[in-house]
2 protein chains.
Amino acid sequence: MTVSKTPALDLTKTVRGSAPADAGEGDAIKLGELSELLGYSLKRAQLKVFDDFIRCVAPLQLTPAQFSVLLLLERNPGRNQTEIANTLGILRPNFVSMLDGLESRELCVRMRSTNDRRSHVLMLTDKGRSILARAKKLVVSKHEARLNEVLGPENRVALLAMLDKIARDF
Amino acid sequence: MTVSKTPALDLTKTVRGSAPADAGEGDAIKLGELSELLGYSLKRAQLKVFDDFIRCVAPLQLTPAQFSVLLLLERNPGRNQTEIANTLGILRPNFVSMLDGLESRELCVRMRSTNDRRSHVLMLTDKGRSILARAKKLVVSKHEARLNEVLGPENRVALLAMLDKIARDF
DNA sequence: TATATTTGATATGTTGCATAACAATTATCG
DNA sequence: CGATAATTGTTATGCAACATATCAAATATA
């Protein structure tokens, strides 16, 4: 049992540095308490993971956000823009140009709803389904494979569980 | 032992949705494979954690990025802008306006180095040290306290370890 | 019917992040 | 030494993400 002390930040030293000269030449910069800041590690990890995702799925030219939209449209066909945008945490005004991009590539379509002629029913096109299927394969075979390499499968699951808990209960 | 299957994405169904009508009325939108995408969970968790950080440290008006700069300056006095910016993953041009903000609030100072008159030696002011000390207390007592509530201390440590592994080995 | 709400859209602003270019200074090399 | 290259901080600029206000059309509600 590795007993790592719980208190993360250590507010002891006050560093009375009044010397106007340069720093300790040659040695590396110390992260210090920064390495215990969850937000810092979270952001750095997120950037890395997004970078890897973009690389893995580069042949299809899909960003993580676009991929998530296509996933939602496949699982929830016939929803309108507000519903899809809301579940992804995207504001409706910003979702418009996103859909413009996907629709101009003929990956999805907007159709006026017959029930409520204000809203647009969103649907994947065949091309959209095809691209999404290929994207999934790349994500599984490259992106998640790399992740399982680094973390190990069981750690990946545990990590996901903790992140979801944060996203929900925080 | 909860045997959760390792393969995250499940590329089986093809959803032959050709109905131009609306979706399954009334029921909630299903996230589907999205909940298995690490990048998605990572980003949502990161946004939540940053939001909480900003709230907790609001009385001092410090963003996570500003806090991390002050932490680095305290631990590594006398470094120049390039060194600090690099270790934080901030591009030098963008670090200029960041320092402008901190310096205009008198939290740190730039002094021309006597060794190399191109570079600026960065140092915390007394006010900067004071604000940083108060910020640390808020982070520990509010931000990390909340995190330990949600995750539990040992999970927090495990989470940090995995995130750092991703940030390093990915 | 009159008023309020919802939906998609536009305009606009802010912020984070990236690149090119520049003057001043320093390092390198012929 | 002197010419050239590299470094440091800076400015300008562009792009993408994110946020707010506002609008017309359609619908809901009073």
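Letters go in sequence order (proteins before strands), and every chain restarts at 1. Quick caveat: nothing in here was measured; it's all calculated off a predicted structure. Any value given below was found using the heavy atoms of this structure, including those in side chains, with hydrogens, waters and symmetry copies removed.
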Short side-chain N/O contact to C:dT25 OP1/OP2 from B:Ser119, under 4.0 Å
no
On a heavy-atom basis, which atom in [X] and which in [Y] lie closest, and how many Å separate them?
| X | Y | answer |
| --- | --- | --- |
| A:Arg118 | A:Arg112 | O-NH2, 3.2 Å |
| B:Phe170 | A:Lys48 | O-NZ, 3.3 Å |
| B:Arg146 | B:Asp52 | CG-OD1, 4.3 Å |

Can you check the [X] [atom1] to [N] [atom2] distance for me, whole Å?
| X | N | atom1 | atom2 | answer |
| --- | --- | --- | --- | --- |
| B:Leu122 | D:dG9 | CG | P | 7 Å |
| A:Lys43 | C:dT15 | NZ | P | 14 Å |
| B:Asn80 | D:dT10 | CG | P | 11 Å |
| A:Phe95 | C:dA11 | CZ | P | 20 Å |
| A:Leu47 | C:dA18 | CG | C1' | 13 Å |
| B:Asn94 | C:dT15 | CG | P | 13 Å |
| A:Arg118 | C:dT7 | CZ | P | 6 Å |
| A:Asn115 | C:dG8 | CG | P | 13 Å |

Contact class for A:Arg92 vs. all strands (heavy atom < 4.0 Å): base, sugar-phosphate, or nothing?
nothing
Is it true that a side-chain atom of B:Ser41 and a backbone atom of B:Leu38 form a donor plus acceptor pair closer than 3.5 Å?
no
Would you kindly compare A:Pro93 and A:Arg117 by the position of their nearest DNA chain D nucleotide and give the one closer to the 5′ end?
A:Pro93
What pairs with B:Ser130 under side-chain contact (heavy atoms from CB on, under 4.5 Å), at least two apart in sequence or on another chain?
B:Arg134
Using five base pairs at each end, measure the axis-to-axis angle across the helix from C:dT1-D:dA30 to C:dG30-D:dC1 and round it to 10 degrees.
10°
Looking at [options], which one has an atom nearest to any side-chain atom of [X]?
| X | options | answer |
| --- | --- | --- |
| B:Thr82 | C:dG8, D:dT8, D:dT27 | D:dT8 |
| B:Asp116 | C:dT7, C:dT26, C:dA9 | C:dT26 |
| B:Leu91 | C:dT25, C:dT19, C:dG8 | C:dT19 |
| A:Gln81 | D:dT8, C:dG8, C:dT5 | C:dG8 |

B:Leu37: which of A:Leu160, A:Val139, A:Val49 passes side chain to side chain contact (heavy atoms under 4.5 Å, CB included)
A:Val139
salt_bridge(B:Glu33, A:Lys136) N-O dist < 4.0 Å:
yes
